[in-house]
Amino acid sequence: MLAILLVLNGPNLNLLGTREPEIYGHLTLEQINGQLKGLADELGLELEFFQSNHEGELVDRIHQAVSNVKGILINPGAFTHYSFAIRDALSAVNIPCVEVHLSNIHAREEFRKQSVIAPVCLGQVSGFGALSYLLGLRALADEVY
Ligand code: DQA
């Protein structure tokens, strides 16, 4: 059976493509997910995708992951910087996790420099646009096998 990895996206990432393209690029979330699917096929992994603008829905999806998911690739969006609930959910399920960002959060406003999620992840990939997701998926796949 193929290992299942969960790709989670937080608030406002449903607007990719039109949202501040000079920062986040021109690709839609659907296009990024398509690229991830291509890589997953190559690596022999199955992906599930979930995006929500609501913290509690992301927490619920993380809890559900316990039943079948071997790894989580997450762009928590603005929740990166203050969601202790998402951090605690990731800690609680203890599923290997990689955090990704389109923009380089360390080169932007002060409030973006801190991630409360990163300490419970294997690592963080930030600043490479859609490539951050692909690099993150490779790293996660390496960990899962
Ligand atoms: C982001 C960076 C966050 O600071 C921001 O709130 C986002 C997107 C990124 O992918 O660069 O929504 O996570």
Side-chain angles (χ1 to χ4, degrees), residues 3-43 45-93 95-144:
I4 298 178
L5 303 185
L6 174 63
V7 179
L8 281 183
N9 278 281
N12 301 306
L13 293 163
N14 55 311
L15 298 181
L16 288 179
T18 56
R19 177 192 178 198
E20 299 178 274
E22 64 291 352
I23 298 174
Y24 299 116
H26 292 275
L27 294 181
T28 64
L29 187 56
E30 209 183 332
Q31 287 170 325
I32 293 174
N33 287 346
Q35 291 190 9
L36 286 171
K37 173 88 175 62
L39 178 59
D41 288 347
E42 229 177 79
L43 298 174
L45 299 163
E46 194 174 318
L47 297 183
E48 291 181 359
F49 298 97
F50 185 74
Q51 185 276 331
S52 177
N53 296 320
H54 305 278
E55 188 178 31
E57 287 186 1
L58 290 161
V59 168
D60 286 344
R61 189 63 191 86
I62 291 165
H63 292 177
Q64 282 165 22
V66 156
S67 61
N68 67 335
V69 165
K70 295 277 176 290
I72 297 176
L73 187 71
I74 185 167
N75 183 346
F79 287 143
T80 303
H81 315 298
Y82 65 92
S83 178
F84 301 120
I86 292 175
R87 176 198 168 121
D88 284 353
L90 291 169
S91 263
V93 297
I95 298 171
C97 177
V98 172
E99 178 183 318
V100 298
H101 298 284
L102 294 148
S103 64
N104 179 356
I105 60 170
H106 304 284
R108 299 183 60 196
E109 300 98 321
E110 265 326 296
F111 75 88
R112 291 188 207 276
K113 291 182 180 164
Q114 193 202 357
S115 169
V116 300
I117 310 293
V120 299
C121 292
L122 299 169
Q124 182 193 70
V125 186
S126 180
F128 301 101
L131 186 57
S132 291
Y133 285 81
L134 297 168
L135 294 170
L137 182 61
R138 280 192 187 277
L140 190 58
D142 214 56
E143 206 53 40
V144 166

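Quick caveat: nothing in here was measured; it's all calculated off a predicted structure.
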For Leu90 and Ile74, the nearest pair of non-hydrogen atoms, with its separation, is CD1-CD1, 4.5 Å
Over all atoms of both residues, closest heavy-atom pair of Val100 and Pro76: O-CD, 4.4 Å
Can you tell me how far CG of Asn104 sits from NZ of Lys113, rounded to the nearest 0.5 angstrom? 9.5 Å
Can you confirm whether Lys70 sits close enough to Leu5 that some side-chain heavy atom of one is under 4.5 Å from a side-chain heavy atom of the other? yes
Point-to-point distance, once rounded to the nearest 0.5 Å, from NE2 of His26 to OG1 of Thr18: 11.0 Å
For the OG1 atom of Thr28 and the CG atom of Leu13, what is their distance to the nearest 0.5 Å? 12.0 Å
Distance-only donor-acceptor check, side chains Ser52 and Arg61, under 3.5 Å: no
Taking every heavy atom of Val98 against every heavy atom of Gly136, the minimum-distance pair comes out as CG1-CA, 3.9 Å
Working to the nearest 0.5 Å, report the span between CD of Glu48 and CG of Leu6. 6.5 Å
Look up atom CG in Leu137 and atom CG in Leu131, then write down how far apart they are to the nearest 0.5 Å. 11.5 Å
Test log, rule side chain to side chain contact (heavy atoms under 4.5 Å, CB included), inputs Leu134 and Leu36: CA-CA 6 Å; Leu134 297 168; Leu36 286 171; 3.8 Å; yes
Taking all heavy atoms of Arg108 and all of Tyr24, pick out the closest pair and write down the distance. NH1-OH, 3.0 Å
To the nearest 0.5 Å, what is the distance between CZ (Arg87) and SG (Cys97)? 11.5 Å
Polar side-chain atom of Gln51 near backbone of Gly10 as donor-acceptor pair, under 3.5 Å: yes
Flag, side chain of Ser83 to backbone of Thr80, donor-acceptor distance under 3.5 Å: no
Exceeds 12 heavy-atom contacts within 6.0 angstrom, atom CD of Glu30: no
Please report the closest heavy-atom contact between Leu140 and Pro96, naming both atoms and the distance. CD1-O, 3.6 Å
Is a side-chain donor-acceptor pair under 3.5 Å present for Asn53 with Glu55? no
If you look only at pairs with a residue in residues 124-140, which of them pass as a side chain to side chain donor-acceptor pair (under 3.5 Å), with sequence neighbours excluded? Asn9-Tyr133, Asn75-Tyr133, Glu99-Gln124, His106-Gln124
Mark yes or no for whether Gln35, through its side chain, and Ile32, through its backbone, hold a donor-acceptor pair below 3.5 Å. no
Once the angle between the rings of Phe111 and His81 is folded into 0 to 90°, is it parallel (under 30°), tilted (30 to 60°) or perpendicular (over 60°)? perpendicular
If you compare all heavy atoms of Ile86 against all heavy atoms of Ile62, which two are closest, and at what distance to 0.1 Å? CG2-CD1, 4.0 Å
Yes or no on side chain to side chain contact (heavy atoms under 4.5 Å, CB included) for Asn33 and Lys37, after CA distance, side-chain angles and deciding distance? CA-CA 6 Å; Asn33 287 346; Lys37 173 88 175 62; over 6 Å; no
